[in-house]
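One-based numbering, in listed order, for ligands and for the atoms of each.
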Amino acid sequence: MDLTQNVKAVQEKISAAAIAAGRDPASVSLCAATKVQTDDAIRAAIAAGIRVCGENRVQELAAHLESDAYAGAEVHFIGHLQTNKVKQVVGRVALIHSVDSERLLRAIDGQAQKLDIVQDILLEVNVAREESKGGVLPENLPTLAKAALGCPHVRLRGLMAIPPVSTVSGENRKYFAQMRHFLVDIIGKMSDNHTIVDCLSMGMSGDYEDAIAEGATLVRVGTALFGPRPPLAGSAH
Ligand SMILES: *Cc1c(COP(=O)(O)O)cnc(C)c1O
């Protein structure tokens, strides 16, 4: 396992997938999913060229921030977020990927107001309608998006999805295509045109090339960079 080589290989595959889809490779960013990684592994990934780290758990985020492990990279929160933990996340990350309820949205907006900032967020969509997963169901997305656009201390930047784990090429493409349509829908319904809603966070180690083919602008990759993780007790994703 060579982290530097893995980063280079994934970046090359991202570029190739973008070009194959007729897209500018610069329109796709790599977010390294750093759950369970050590400070040293995160620093090594950043030294190897990672510019965005995605953290899943509030506790790990706090620990890595404390030790300044993300220096040189942007940090995103990509895991399930509980309303009572927004204080530990809002204002500390550039983007929260996983907003999936009006309650969480209001809590983030309230905390951002206290800090006098505007927090960038994505809405997580349960695109495959999996019971075990977070995310708003597609039919409830327009209402949540409207609520987000009405929150003065939140800036809606786009959508995120975690479809079923896939290792078979093409398997999740239909879900990625649906996500692209959902984003186009939201943009079409927006009356103000000063908000840039253009972010599609989708695709993981097993399927990021398919996600890019369908318009992903941010792929979240862990295993293909850091190698297999030890199983996480009690983790849904
Ligand atoms: C762990 C994780 C990833 C990366 O998964 P891999 O299959 O290891 O690439 C992406 N997104 C989220 C939300 C994750 O929790």
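Among K35, E124, H80, R220, the residue whose heavy atom lies nearest to atom 15 (O) of ligand 1 is K35.
Checking R155, H76, H97 one by one against D120, the side chain to side chain donor-acceptor pair (under 3.5 Å) holds for a single residue, R155. Of the residues I108, L115, D109, the one that meets the side-chain contact (heavy atoms from CB on, under 4.5 Å) test with Q111 is L115.
Here E74 does not pair with R51 in a salt bridge; the nearest charged N to carboxylate O distance is not below 4.0 Å. The residues D40 and R43 are annotated as salt-bridged, a charged nitrogen and a carboxylate oxygen being separated by less than 4.0 angstrom. Under a 4.0 Å N-O distance rule, the pair R129/E139 qualifies as a salt bridge.
The atoms of ligand 1 that sit less than 4.0 Å from any heavy atom of V221 are 9 (O). Near I162, meaning under 4.0 Å from any of its heavy atoms, are these atoms of ligand 1: 13 (C). Listed by atom number, the atoms of ligand 1 under 4.0 Å from T223 heavy atoms are 6 (P), 7 (O), 8 (O), 9 (O).
The closest approach between any non-hydrogen atom of H97 and ligand 1 is not below 4.0 Å.
For the pair V90/I117, a side-chain contact is recorded, criterion being any heavy-atom separation below 4.5 Å from C-beta on.
The side chain of A33, and not its backbone, has at least one atom closer than 4.0 Å to an atom of ligand 1 (non-hydrogen atoms only; side chain from C-beta on).
Taking any N or O of G222, backbone or side chain, at least one lies under 3.5 Å from an N or O belonging to ligand 1.
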